[in-house]
Trainee: 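The structure is given below, and queries will be raised subsequently.
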Amino acid sequence: MINETRWDKSMEEPIINEWVKKKLYSFEDNSKKPVYSIDTPPPYINTPIHIGHGYTFICMDMMARYKRMKGFNVLFPLGLDCNGLPIEIQTEKQFNVSIRTTPREEFVKKCREMLDETSDISTNGFKGLGIGFNDYEFDYSKIGSKYRTDDPEYRALTQKTFKDAWDKGLIYEDNKPTNYCPVCRTTIADSEIDYKEEKSALNDIKFKVKETEKDIIISTTRPELLNSCQIILFNPNDDRYKNLQGKHAILPIYDREVLIKAHPAADKDFGSGLVMICSFGDTTDIRLFIELGLEPIYSINEEGKMMKVSGPYEGMNVKDARKKIIEDLKEKGFLVDQKIIDHRTPVCERSKNPIEFIAMKEFYLKQMDWVSKVRKAADEIEFYAPESKQLLLDWLNSISIDWPISRRRYYSTEIPIWYCKKCKYTYVNDTGKYLRPWIDSCPLKKCPKCNSNEWEGEKRILDTWFDSSISELFILGYDSNPKFFKNNYPCTMRPQGKEIVRTWLYYTILRGLQLTETTCFKQAWIHKHVVDEQGYKMSKSKGNGIDPRELISKFGCESIRFWTAMEGDITKGDIRCSFTRVEGAGKFISKLWNIARFISGFESVSKEPKELNKTDEWIMNELNKVLKDCDNHYNNYDFNGVAKIIRNFVWETYASSYLEMVKRRAYDKDSSALYTLYKSFKIILLTLAPIIPVITEKLFKEMYSSESIHLQKFPESGETKLSELTSKIIEFNSLVWAKKKEGNKSLKDSIKIEIPKELILFKEDLTNMHNIE
RNA sequence: GGGCUUGUGGUCUAGUGGUUAUGACGUCGCCCUUACAAGGCGAAUGUCGCCGGUUCAAAUCCGGUCAAGCCCACCA
């Protein structure tokens, strides 16, 4: 008998702690079960996890729990993403230091310190949500261990995969214009660019044509790049300018002459129809410079300041230089008009600062040659929801350059290269160990080419995505456990957000193909966002994020989890988070508890009677049907479907109708009734266990077994014949209740009513239930 | 500029041609019925974004339109 009259969220913590202590969900090393592997997205450790993280991890946890009950050996490690700019920025804030003025060794130490401190916060957040990771401790000798991407074990693999790609000729260094963020002072990839709608001034500037001495007008938003102009274009169909072909224009202020040429890139209808191409105002400029074989004239340096070539503006930052040159142009009569236009500016995803295009020597990973292979791989992956595949295909269609992978920052995996000081021989770390070339000495004593023993270590680090794009290789033991890897690659499931399809999913597939020649996932589950009550995206800068720990302390883990399942299908659309809805979901937890209290008040009968009463047979049939439906929905990762079906069944059919019908016989200790009550409720608990693991665990242990519910098999469904009577039964019961209400009678009072013919099977129970005369 | 997705009572949501449109949350009214007032019964709230078409019949199919969101793009 369950004594506590109410389920209370304070009962959750001891149960969850016991799971963690007993390592209930450990990955089974020597098991014969098929492996189901989930490559979880390592969340940035220093961002306090918000409800969006919580929500999606709960979904992944439901997958893991369901698959465990279906007999799989589930690989579900907790990973923490500990590399990259956000870590550095957080460290700068927390210790009030600057990466520019702090020695590298000290800064890196501080990053590590900051991460160690915050590591528990997020870990505890996940525990509190009842997430059944394999392990909450680091133990890299074991499959399924918790891991950090900045630990030597992980970074060693990152470097090894760099070496592998290097040996395959997939990595090269090149000096070409790249996206550069002057604030973060590093090269960034196309996938790290955001766009911001901004008002900017479109300036109409007067140029003189050398040959004719006539004026032409050119519109630009980047007048500060004037002296980087190498050509002026007009559209070949633009009759106004046909006479300018091959002539030259004189740049105002700088008095340099540039060629005028016809080219389809110029739009007749924009501005005057003439466009100046500078190195480099935007990506079009870059493309045209390459296409027309022009020599770039760089005017912005890596600090975001104007270079010598810009003359009087040297040393100014871009914004000031723009302001000043506009003033100067105006003063000298070159500026004829200025319009404010809406302009889509590419900005750095992290700093939100406009990016510049600067030529830098950087390492690139080849990806242009791989696009069609990745497209083929996309066809091999099952997407949930299927429409999500389009996100990946759209991205594939827009890839235009190889992936720049080197960064000029500190906290990420170091590029494992040493250069011979004498002959420039390049050595790539081949030791299998994690090494830091900026501080560690080269493993080779002598240069194999010139015998010199003086080496210079590479100072740059790798893009964070170069780390994260091998997570599935890491968790499956690509390097550490080749036998296991061979048997269990590709990874079963990649769950992740839609916003990182063009990064995490794409890069992982790309690198998986390059390293293993195999599509690395069988399935991908792409979720949309959890947004706030108004439908706005939660973000740190807006401050509208909801900390799940706040929700846990208010409503408890189970309410949040049931809300997660009830709210909607996150692969189909955004989910709004509202406190009242979480609270509402919690009512079902109470309902379940009270049903358990009712049943546990009777003696448990586990031996099946020879013959079941028809009411009991009916509820088992109906439950079988529900079970079958739930199983289907679980298989499609549609937890919303499961939750809605089982909630409706438990509340409307099971509690309202069945329990009332069976009550009399239960009090009379009828063995068919008692057996069925216990049996049916057990199936209900098992079906709900992946969604609400804590309360089902508690009730299961109180009523059925000392063993955890999470070690049980998912129930099999059986006969469903009588379930077609369900709606008739509910209809009849409602009718009786309505009649009594109409007649102002208490539910105890007797009533004269005829039982419908098709329900005559249940005559005895219905008569007792409604006190029918 | 192109593409994709979405638009159903105050809020969220089911519903891919067929009787008075599903359910939940919230609101209101009545009711302690030996598991549950964190419950039960019941009520109100909708021109299914707008316009037009196909059809005996449209929330559902088609065309257009508006709005929101996302993705992509070389308009300086």
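Every chain is numbered from 1 and lettered A, B, ... according to where its sequence line falls, protein lines coming before strand lines.
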Trainee: Which nucleotide sits closest to the side chain of A:T221: B:A24, B:A76, B:A35?
Mentor: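 Output: B:A76.
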Trainee: Look at all strands and tell whether A:S219 reaches a base, only sugar-phosphate, or nothing, counting heavy atoms closer than 4.0 Å.
Mentor: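 Base, at least one base atom sits under 4.0 Å.
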Trainee: Which of the following nucleotides, B:C70, B:A35, B:A38, is nearest to the side chain of A:K498?
Mentor: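 Closest nucleotide to the A:K498 side chain: B:C70.
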Trainee: For A:A585, report the nucleic acid contact type (base, sugar-phosphate, nothing); a contact means any heavy atom under 4.0 Å.
Mentor: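 Since no nucleic acid heavy atom lies under 4.0 Å of A:A585, the category is nothing.
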Trainee: Could you work out the separation of B:C31 and B:A24 based on their C1' atoms and round it to a whole Å?
Mentor: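 My reading of the C1' atoms in B:C31 and B:A24 gives 22 Å.
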Trainee: Using the P atoms only, state how far B:A14 lies from B:U22, rounded to an integer number of Å.
Mentor: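 Here B:U22 and B:A14 have their P atoms 15 Å from each other.
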Trainee: So does A:K739 get a side-chain nitrogen or oxygen closer than 4.0 Å to the phosphate oxygens (OP1/OP2) of B:C41?
Mentor: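 Answer is no, no contact under 4.0 Å.
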Trainee: Kindly point out which of B:A76, B:C72, B:A35 is positioned nearest to the side chain of A:D267?
Mentor: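 Within the option list, the nearest is B:A76.
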Trainee: Quickly work out the A:R502 CZ to B:C70 P distance and round it to whole Å.
Mentor: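 Taking CZ of A:R502 and P of B:C70, I get 13 Å after rounding.
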Trainee: Reckon A:L391 touches a base, only the sugar-phosphate, or nothing at all at heavy-atom distances under 4.0 Å?
Mentor: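 Since no nucleic acid heavy atom lies under 4.0 Å of A:L391, the category is nothing.
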Trainee: Regarding A:D616 and A:Y658, do their side chains bring together a donor and an acceptor under 3.5 Å, going by distance alone?
Mentor: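 The answer is yes; a qualifying pair exists.
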Trainee: Take atom CD1 of A:I526 and atom P of B:C4, then tell me their distance rounded to the nearest Å.
Mentor: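 In whole Å, B:C4 P and A:I526 CD1 are 20 Å from each other.
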Trainee: Which of the following nucleotides, B:C72, B:U13, B:A35, is nearest to the side chain of A:W395?
Mentor: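 Nucleotide nearest to A:W395's side chain: B:C72.
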Trainee: Could you tell me whether A:A596 contacts a base, only the sugar-phosphate backbone, or nothing, with contacts defined as non-hydrogen atoms closer than 4.0 Å?
Mentor: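 Answer is nothing: A:A596 stays at 4.0 Å or more from every strand.
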Trainee: Can you tell which of B:A76, B:A24, B:G42 lies closest to the side chain of A:A738?
Mentor: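 Nucleotide nearest to A:A738's side chain: B:G42.
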Trainee: Applying side-chain hydrogen bond (donor to acceptor under 3.5 Å, both in side chains) between A:S657 and each of A:T615, A:T726, A:N733, report the one that passes.
Mentor: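 For A:S657, the side-chain hydrogen bond (donor to acceptor under 3.5 Å, both in side chains) test succeeds with only one of A:T615, A:T726, A:N733, which is A:N733.
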Trainee: Could you check how far NZ of A:K740 sits from P of B:C41, rounded to whole Å?
Mentor: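 Checked: the NZ to P distance equals 14 Å.
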Trainee: Mind checking if A:K644 touches a base, just sugar-phosphate, or nothing, with heavy atoms under 4.0 Å?
Mentor: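 If one applies the 4.0 Å heavy-atom cut-off, A:K644 turns out to touch the sugar-phosphate alone, with no base involved.
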Trainee: Considering only the P atoms, how many Å lie between B:G1 and B:G9, rounded to the nearest integer?
Mentor: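 So the two P atoms sit 30 Å from each other.
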Trainee: Output yes when at least one side-chain N/O atom of A:K587 is less than 4.0 Å from OP1 or OP2 of B:G26, else no.
Mentor: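 A:K587 to B:G26 OP1/OP2: side-chain N or O found under 4.0 Å.
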Trainee: In whole angstrom, give me the gap between the C1' atoms of B:C12 and B:G26.
Mentor: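 Rounded to whole Å, the distance is 11 Å.
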Trainee: Looking at CD1 of A:I231 and NE2 of A:H248, how far apart are the two atoms once the value is rounded to the nearest 0.5 Å?
Mentor: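 Rounded to the nearest 0.5 Å, the CD1-NE2 separation comes out at 9.0 Å.
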Trainee: Does B:U54 pair with anything, Watson-Crick or G-U wobble, both distances under 3.5 Å, and if so, with which nucleotide?
Mentor: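 Per the H-bond distance test, none.
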Trainee: Tell me: CG of A:L392 to P of B:C71, nearest whole Å?
Mentor: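 It is 15 Å, rounded to the nearest whole Å.
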Trainee: Pairing check on B:A35: which nucleotide meets the Watson-Crick or G-U wobble criteria with it, both distances under 3.5 Å?
Mentor: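 Its partner is none (no Watson-Crick or G-U wobble pair with both distances under 3.5 Å).
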Trainee: Contact class for A:E583 vs. all strands (heavy atom < 4.0 Å): base, sugar-phosphate, or nothing?
Mentor: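 Since no nucleic acid heavy atom lies under 4.0 Å of A:E583, the category is nothing.
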Trainee: With rounding to the closest Å, how many angstrom separate the C1' atoms on B:U19 and B:A58?
Mentor: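 Here B:U19 and B:A58 have their C1' atoms 15 Å from each other.
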Trainee: Given atom CZ of A:F357 and atom P of B:C74, what is their separation to the nearest angstrom?
Mentor: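 Roughly 10 Å, once rounded to whole Å.
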Trainee: Would you mind pulling out the nucleotide paired to B:G69, Watson-Crick or G-U wobble, both distances under 3.5 Å?
Mentor: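 B:C4 - that is the nucleotide pairing with B:G69, both distances being under 3.5 Å.
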Trainee: Is it true that the NZ or CZ of A:K663 lies under 6.0 Å from the centre of A:F598's six-membered ring and within 45 degrees of the ring axis?
Mentor: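 Here A:K663 passes the 6.0 Å and 45° test against A:F598.
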Trainee: Can you tell me how far C1' in B:C62 sits from the matching atom in B:G29, rounded to whole Å?
Mentor: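 Going atom to atom, C1' in each nucleotide, I get 46 Å.
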Trainee: Could you please name the partner base of B:G29, counting Watson-Crick and G-U wobble pairs only when both distances are under 3.5 Å?
Mentor: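 Here B:G29 is engaged in a pair, and the nucleotide opposite it is B:C41.
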Trainee: Regarding A:N203 and A:Q338, do their side chains bring together a donor and an acceptor under 3.5 Å, going by distance alone?
Mentor: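 The answer is yes; a qualifying pair exists.
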Trainee: Please determine whether a side-chain nitrogen of the Lys or Arg among A:D238 and A:R240 lies less than 4.0 Å from a carboxylate oxygen of the Asp or Glu.
Mentor: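 Result for this pair is yes, salt bridge flagged.
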Trainee: How many Å lie between NZ on A:K748 and P on B:U34, as a whole number?
Mentor: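 Atom NZ in A:K748 sits about 6 Å away from atom P in B:U34.
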Trainee: Mind checking who B:A24 pairs with, Watson-Crick or G-U wobble, both distances under 3.5 Å?
Mentor: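 B:A24 is paired with B:U11.
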Trainee: How many angstroms lie between atom OH of A:Y675 and atom OG of A:S604, to the nearest 0.5 angstrom?
Mentor: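 It comes to 10.5 Å.
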Trainee: Looking at A:R222 and B:A76, is any side-chain donor or acceptor paired with a base atom of the opposite kind under 3.5 Å?
Mentor: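 Side chain to base: no pair present.
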Trainee: If you only use heavy atoms from C-beta on, which nucleotide in B:A35, B:C70, B:G40 is closest to the side chain of A:N594?
Mentor: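 Of the candidates, B:A35 comes closest.
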Trainee: What is the distance, to the nearest angstrom, from the CH2 atom on A:W737 to the P atom on B:C31?
Mentor: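 Interatomic distance, CH2 of A:W737 to P of B:C31: 19 Å.
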Trainee: Which value, in whole Å, describes the distance between the P atoms of nucleotides B:G63 and B:A68?
Mentor: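 Comparing P positions in B:G63 and B:A68 gives a spacing of 23 Å.
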Trainee: C1' atom, B:U65 versus B:U11: distance in rounded Å?
Mentor: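 Their C1' atoms lie roughly 27 Å apart.
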Trainee: Figure out the NZ/C1' separation between A:K389 and B:C70, and round it to whole Å.
Mentor: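 Answer to the nearest Å: 19 Å.
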Trainee: 5'-most contact on RNA chain B: A:R6 or A:F602, nearest heavy atom basis?
Mentor: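 Mapping each residue to its closest nucleotide by heavy atoms, the 5'-most match is A:F602.
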Trainee: Rounded to the nearest 0.5 Å, what separation is found between the CE atom of A:M703 and the CG atom of A:L677?
Mentor: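 The CE atom of A:M703 sits 8.5 Å away from the CG atom of A:L677.
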Trainee: Heavy atoms under 4.0 Å, any strand shown: does A:W563 hit a base, just sugar-phosphate, or nothing?
Mentor: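 Nothing, no nucleic acid heavy atom in range.
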